[in-house]
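Just so you know, these numbers come straight off a predicted model, no measurement behind them. Residue numbers run from 1 in the order of the sequence given.
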Amino acid sequence: MKLLIQNGRVICPETGHDAVADVLIEDGRIAGVGPGLSTAGAEVIDAAGLVVAPGFIDIHVHLREPGFEHAETIETGTQAAAAGGFTTVCCMPNTNPVNDSVTVTKYIVETARRKASINVFPIGAITKGSNGEELASIGSMIAAGAVAISDDGKPVMNARVIRRAMETARALDIPVIEHCEDLNLSAGGDMHECDDSVRLGLRGIPSASEDVMVARDIILAELTGVRYHVAHISTRNAVAMVAYAKQRGLRVTAEATQHHIALDTGHMKPYDSAYKMKPPLRCDHDVKAVVEGVVSGAIDCLATDHAPHAGDDKMQEFERCPFGIIGLETALGVSLEVLVHSGLISLPRLIALYTSEPARVIGWKGELARGALKPGYVGDVTVFHPEYPWVYDVKNSLSKSSNTPFGGRTFQGGPILTIVNGQVVWRAPGF
């Protein structure tokens, strides 16, 4: 089967291409990029006035299946991802049971093959049960389809255990993705520790709880030579440490989320659980530092940390409700607003943050090569309009959950078409 996308502004940061051109996908692979490609035997899509980019990649999502299907499933989560312009997601292991074995990894891979709208790659747990004590069956999970390891949400507190995990990951050439939080410093906290937490009477989570873990892990990353990735970075000190590690040539990368570049504690509505996430929304100076980290390249990619929770779970007192918000459908709109329309970065740079850079972090090669519009690469394409206005109505979200602080917000620019393996899997209403 052939699919030809014509007349769009084709932007591929990997190749440096930025011009009006056509993209041909044949048998699920990119077959050609250039002007005036032949339409013979192809389904044709006219993308005039639109941006045609490599398929967007999110390396940090929670699909909740198995075990928490009341909040999200692989089917509904990937539908929401497709509506956000994402063609590939990597799902975190904090399911029930935890993805700490080949059995659970295979279940996710097989369920995704049958029900997912887009590509799904599992991330295996670092430790059994994500309890931080004994290493999980890392090699077996990688052989079954996992692409990285993480105990996301439950950081590995024991330095000896995380060192052994890093040594194992180094041997397998996979990244270790860490949720950086010292649980002793953050214990009992509900929001960032600052004047606002005192005013609201809520227990605080200090920036130091993230900083000390980033510092520890960078030291161990240098010791082991592992590819080490900081998830959802949120503090100015953590950004500075990652930048320093890069200057020294360490294999250290980091991601930022949409909410940590767009919102600070001053945006929080008092006791509104839609603003409760971990890491928490930080102070203005931390947000500015994270944004500057994106601009400077200290932060490698953007991710959503899409964390759905059912309404009855989130609609509890702020102190009792779980951490996390959904973000797949608003990611592009938020990042265009904060980074591109403000003039901080170029459109090609934003596309790199969602394509070639997350692909580099994971290390996809060969048959799995993605994140670029290059012949032979997977035929995943995101088509979006960088300017058109739209309102995010969370009631129409394709996710099973609605826990977001961005409901009702107007954005300038968003996804139009999501194409996976040469097949259109989502189209914006009216286009």
Side-chain angles (χ1 to χ4, degrees), residues 51 56 58 60-62 72 76-77 79-86 191-192 196 232 234 255-284 286-288 290-291 294 302-309 311 314-315 318 321 323-345 347 350-351 353-354 382 384-416 418 426-431:
V51 174
F56 282 12
D58 188 350
H60 191 150
V61 305
H62 301 268
E72 195 75 283
T76 61
Q79 288 172 350
F86 291 98
M191 66 170 288
H192 177 62
D196 289 322
H232 44 47
S234 72
E255 74 192 31
T257 69
Q258 58 182 336
H259 41 284
H260 288 121
I261 63 172
L263 303 172
D264 59 41
T265 55
H267 293 98
M268 292 180 64
K269 296 180 180 179
Y271 313 110
D272 185 340
S273 63
Y275 292 84
K276 184 176 182 180
M277 68 283 291
K278 189 177 281 191
L281 297 179
R282 300 292 188 183
C283 289
D284 177 66
D286 286 310
V287 175
K288 289 179 179 177
V290 173
V291 171
V294 173
L302 297 173
T304 66
D305 192 10
H306 176 79
H309 293 288
K314 264 296 195 179
M315 292 175 64
F318 197 89
C321 75
F323 294 91
I325 64 170
I326 61 173
L328 287 164
E329 293 163 292
T330 54
L332 180 55
V334 172
S335 52
L336 280 168
E337 175 185 312
V338 174
L339 299 171
V340 176
H341 297 329
S342 65
L344 292 175
I345 65 173
L347 194 55
L350 178 67
I351 291 171
L353 292 167
Y354 280 120
T382 298
F384 67 94
H385 195 304
E387 299 288 347
Y388 88 94
W390 62 285
V391 178
Y392 179 54
D393 183 354
V394 72
K395 293 180 182 178
N396 294 326
S397 171
L398 296 182
S399 171
K400 291 184 75 172
S401 295
S402 58
N403 48 310
T404 173
F406 296 113
R409 188 156 171 167
T410 299
F411 295 106
Q412 293 288 124
I416 301 299
T418 304
W426 181 84
R427 185 187 300 266
F431 284 91

Strictly distance-based, threshold 3.5 Å: is any side-chain N or O of [X] a donor or acceptor partner for the main-chain N or O of [Y]?
X: Glu387; Y: Gly413; result: no
X: Thr404; Y: Phe406; result: yes
X: Asn403; Y: Ala307; result: yes
X: Ser401; Y: Pro308; result: no
X: His260; Y: Val290; result: no
X: Lys276; Y: Phe318; result: yes

Is it the case that [X] and [Y] place a side-chain donor and acceptor less than 3.5 Å from each other?
X: Thr304; Y: Gln258; result: no
X: His62; Y: Asp305; result: yes
X: Ser399; Y: Glu72; result: yes

Using side-chain heavy atoms (C-beta onward) and a distance below 4.5 Å, is [X] in contact with [Y]?
X: Leu281; Y: Asp286; result: no
X: Arg427; Y: Ile416; result: no
X: Pro389; Y: Phe411; result: no
X: Cys283; Y: Asp264; result: no

Notebook entry, point to check: Does the ring center of Tyr388 lie less than 6.0 Å from the ring center of Phe431?
Noted result: yes

Margin query: Are Tyr354 and Phe86, when compared by the centres of their aromatic rings, separated by less than 6.0 Å?
Written below: yes

Next item on the list: Kindly compute the distance separating CG (Asp272) from NE2 (His267), expressed to the nearest 0.5 Å.
Entry: 14.0 Å

Note to self: For the OH atom of Tyr271 and the SG atom of Cys321, what is their distance to the nearest 0.5 Å?
What the structure shows: 13.0 Å

Checklist line | Six-ring centre of Tyr275, Lys269 cation under 6.0 angstrom, axis tolerance 45° | finding: no

Margin query: I'd like to check the ring pair (Phe, Tyr, Trp, His ring centres under 6.0 Å) partners of His232; sequence neighbours left out, ordered by chain and number.
Written below: His60, His179

